[in-house]
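Each chain gets a letter, A, B and so on, in the order the sequences are listed, and its residues count up from 1.
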There are 2 protein chains.
Amino acid sequence: MEKPAKGEQTRALIVETALRLFRELGYDRTTMRAIAKEAGVSVGNAYYYFPSKEHLVQGFYDQMAEAHRRACAAVFDADADFTSRLTALLLAWLDVSAPYHEFAVQFFKNAIDPNSPLSPFSTESGNAREAAIAIHRRLLDGVKVDPQLREDLPELLWLFQMGVVLYWVHDKSEGQRNTRTLIKRSAPLIGKLLTMSRVPGLRSLTREAVQLFRDIGLSRLG
Amino acid sequence: MEKPAKGEQTRALIVETALRLFRELGYDRTTMRAIAKEAGVSVGNAYYYFPSKEHLVQGFYDQMAEAHRRACAAVFDADADFTSRLTALLLAWLDVSAPYHEFAVQFFKNAIDPNSPLSPFSTESGNAREAAIAIHRRLLDGVKVDPQLREDLPELLWLFQMGVVLYWVHDKSEGQRNTRTLIKRSAPLIGKLLTMSRVPGLRSLTREAVQLFRDIGLSRLG
DNA sequence: CACACGAGTTGAACGCGTTCAAAAGGGGGA
DNA sequence: TCCCCCTTTTGAACGCGTTCAACTCGTGTG
């Protein structure tokens with residue numbers, strides 16, 4: 001009753017083997033049979049612990065998310081302005097993810113499916129999503145923004161990050177330098193937009209946009 | 001030499017059967033074996049004409065695009081303003097696509113893959129993409145916009161439409177009324193933003209954004 | 001000690017998309 | 001008529017993700 005450690009051990013062995021093969025061969029070329037053989041278990045045994053091949057990828061996400069969180073903590077400078085922080089956050093993500101660019105495609109292909117457990121909007125990845133949004137919340141610490149926006153901004157910025165990811169996945173330029181350009185030049189734009197959102201002419205526009213965002217639950221799609 | 005009509009006949013038979021089964025069963029539940037059997041040919045024969053199951057979906061896209069083009073032509077009012085037209089365009093798309101919402105997911109899951117021939121950014125769907133952008137170009141006929149923006153605006157609006165599609169795919173609200181809300185309320189926002197993009201304070205911001213859009217080739221990802 | 005029971009494990013089998021060597025047509029010269 | 005060559009057609013076979021009835025094993029119970 002107290003220590004069913006056996007199961008956890010097998011579970012860990014399987015997920016570690018899977019992640020290693022994903023790295024070495026990519027997602028599609030890594031077969032469940034290969035994972036099982038390499039881990040010294042049967043195919044059926046892998047399915048005893050993981051409902052599908054996709055579920056094995058969740059481990060990958062978790063690793064990357066944790067690496068990103070650490071990278072951000074190291075790079076968030078207390079007295080840095082919004083633009084610098086946003087740039088740092090996104091570039092940190094890029095650095096963490098770069099090694100996996102060529103086969104990340106195969107993940108996102110599944111992740112875009114609303115029914116997939118890997119979808120960033122699914123209930124299953126709710127924790128990961130919350131953690132990611134929390135990073136954006138920390139990004140805003142000490143930054144002066146329209147209080148009307150403050151509450152929703154972390155989610156909005158997270159959505160923007162999802163957009164950058166989407167571009168990154170499609171980015172075929174060498175070393176994904178186009179994505180770097182996108183980040184370095186769009187972050188200042190967002191910064192300026194944020195500043196401007198408080199001037200009279202734009203204030204009502206901002207308000208309407210935020211209200212729409214809330215009404216259609218853009219970040220609560222699952 | 002002059003009339004290899006036989007092949008075209010078989011080809012048409014296969015694609016028609018496939019689309020019918022897609023409608024009746026959805027994409028995943030429609031097997032290549034079922035398509036072949038229903039069309040009275042062998043599986044291999046289907047692969048003689050179509051390299052993969054995905055390629056059969058292209059026919060679906062073409063049908064929907066054509067229906068959307070016609071719907072827009074009927075609804076574009078010569079003296080209507082930008083906002084009305086954009087709203088009309090997007091709602092027309094929604095009406096055309098609504099019947100296929102529940103299994104459109106299965107298409108887009110594949111379409112998001114940059115390597116897929118179904119990707120809206122792929123060379124294979126270049127014609128379809130150009131046609132879609134052309135609709136947005138017609139949308140702008142007679143509309144006064146910043147000349148700096150004019151050239152890129154059709155592509156930018158098309159990208160926005162892709163975003164709406166992405167939301168629609170995930171939209172689980174009854175009859176996708178959330179997507180209707182998104183369209184009806186975001187179109188005016190874009191209209192206002194377009195107007196404002198010419199005032200001094202925003203002009204430089206707009207210019208920078210457009211330049212970034214051009215530099216990273218957002219609509220030329222294939 | 002025997003037994004039962006649940007957690008863990010097995011591998012054959014299923015249905016799928018896809019491939020390919022081989023066969024079948026079918027029309028234009030000799 | 002026969003032959004050739006190219007287009008079209010066939011269906012068995014492959015490898016994949018996934019399922020499941022059957023088996024093993026360790027442990028607590030009578």
Side-chain angles (χ1 to χ4, degrees), chain A residues 1-19 21-22 24-60 103 105-107 109-111 113 115-118, chain B residues 1-19 21-22 24-60 103 106-107 109-111 113 115-118 124:
Chain A
M1 164 87 43
E2 64 181 35
K3 286 240 170 175
K6 181 73 176 307
E8 285 310 311
Q9 207 169 324
T10 311
R11 182 191 194 84
L13 174 64
I14 290 170
V15 76
E16 278 161 23
T17 308
L19 297 198
L21 291 182
F22 286 162
E24 290 174 11
L25 308 170
Y27 183 73
D28 282 349
R29 281 201 298 271
T30 301
T31 70
M32 291 300 284
R33 284 166 180 82
I35 295 171
K37 175 172 258 184
E38 197 76 2
V41 300
S42 67
V43 238
N45 202 9
Y47 279 93
Y48 179 75
Y49 292 101
F50 301 93
S52 76
K53 191 182 172 185
E54 286 188 21
H55 280 79
L56 282 166
V57 178
Q58 192 69 51
F60 224 104
F103 61 98
V105 172
Q106 296 157 338
F107 297 169
K109 175 173 159 183
N110 299 329
D113 183 348
N115 305 317
S116 166
L118 291 183
Chain B
M1 163 89 41
E2 62 179 39
K3 288 241 170 176
K6 182 70 177 309
E8 286 309 312
Q9 207 167 324
T10 310
R11 181 190 196 86
L13 174 64
I14 291 170
V15 75
E16 280 162 20
T17 308
L19 296 198
L21 291 182
F22 286 161
E24 290 175 11
L25 308 171
Y27 182 73
D28 282 351
R29 281 201 299 272
T30 301
T31 70
M32 290 302 284
R33 285 167 178 81
I35 295 172
K37 175 174 257 183
E38 197 77 2
V41 299
S42 68
V43 236
N45 201 9
Y47 279 94
Y48 178 75
Y49 292 102
F50 300 93
S52 77
K53 191 182 173 187
E54 287 188 20
H55 279 79
L56 282 166
V57 178
Q58 192 67 53
F60 223 102
F103 62 99
Q106 295 158 338
F107 296 169
K109 175 173 157 184
N110 298 331
D113 183 351
N115 305 317
S116 165
L118 292 183
E124 264 131 317

If only side-chain N and O atoms of [X] are considered, is one of them under 4.0 Å from the OP1 or OP2 phosphate oxygen of [N]?
X: Thr31(B); N: dG15(C); answer: no
X: Tyr49(A); N: dT9(C); answer: yes
X: Thr10(B); N: dT9(D); answer: yes
X: Lys53(B); N: dG17(C); answer: yes
X: Tyr48(B); N: dT8(D); answer: yes
X: Tyr47(B); N: dT19(C); answer: no
X: Asn45(A); N: dT10(C); answer: yes

Identify whether any heavy atom of Val41(A) sits under 4.0 Å from a base atom; if not, whether one sits that close to sugar-phosphate; answer base, sugar-phosphate or nothing. sugar-phosphate

Contact nearer the 5' end of DNA chain C, comparing Tyr27(B) with Ala46(A):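 It is Ala46(A) whose nearest nucleotide is closer to the 5' end.
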
Considering only heavy atoms and no angle criterion, is a donor-acceptor pair shorter than 3.5 Å present between the side chain of Arg33(A) and the base of dG17(D)? yes

Would you mind reading off the distance between [X] atom [atom1] and [N] atom [atom2], rounded to a whole angstrom?
X: Leu25(B); N: dC16(C); atom1: CG; atom2: P; answer: 11 Å
X: Leu21(A); N: dG17(D); atom1: CG; atom2: P; answer: 12 Å
X: Asp28(A); N: dG17(C); atom1: CG; atom2: C1'; answer: 13 Å
X: Phe50(B); N: dT19(C); atom1: CZ; atom2: C1'; answer: 18 Å
X: Ile35(B); N: dG15(C); atom1: CD1; atom2: P; answer: 18 Å
X: Met32(A); N: dT19(D); atom1: CE; atom2: P; answer: 10 Å
X: His55(A); N: dG17(D); atom1: NE2; atom2: P; answer: 16 Å
X: Leu13(B); N: dT9(D); atom1: CG; atom2: C1'; answer: 13 Å

About how many Å separate OG1 of Thr31(B) and CG of Leu25(B), when rounded to the nearest 0.5 Å?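 Answer rounded to 0.5 Å: 8.5 Å.
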
Looking at CD1 of Ile35(B) and OG1 of Thr30(B), how far apart are the two atoms once the value is rounded to the nearest 0.5 Å?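 These two atoms lie 6.0 Å from each other.
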
I'd like to know whether Val57(A) forms a side chain to side chain contact (heavy atoms under 4.5 Å, CB included) with Leu19(A), so could you lay out the CA-CA distance, the side-chain angles of the two residues, the decisive distance to 0.1 Å, and finally the verdict. CA-CA 8 Å; Val57(A) 178; Leu19(A) 297 198; over 6 Å; no

Think Lys53(B) forms a cation-pi with Tyr47(B), using NZ or CZ under 6.0 Å from the six-ring centre and within 45 degrees of its axis?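 Not flagged: Lys53(B) not positioned over aromatic ring of Tyr47(B).
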
Is Arg11(B) close enough and on-axis enough to Phe50(B), meaning under 6.0 Å and within 45°, for cation-pi?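 Arg11(B) over Phe50(B) ring: yes.
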
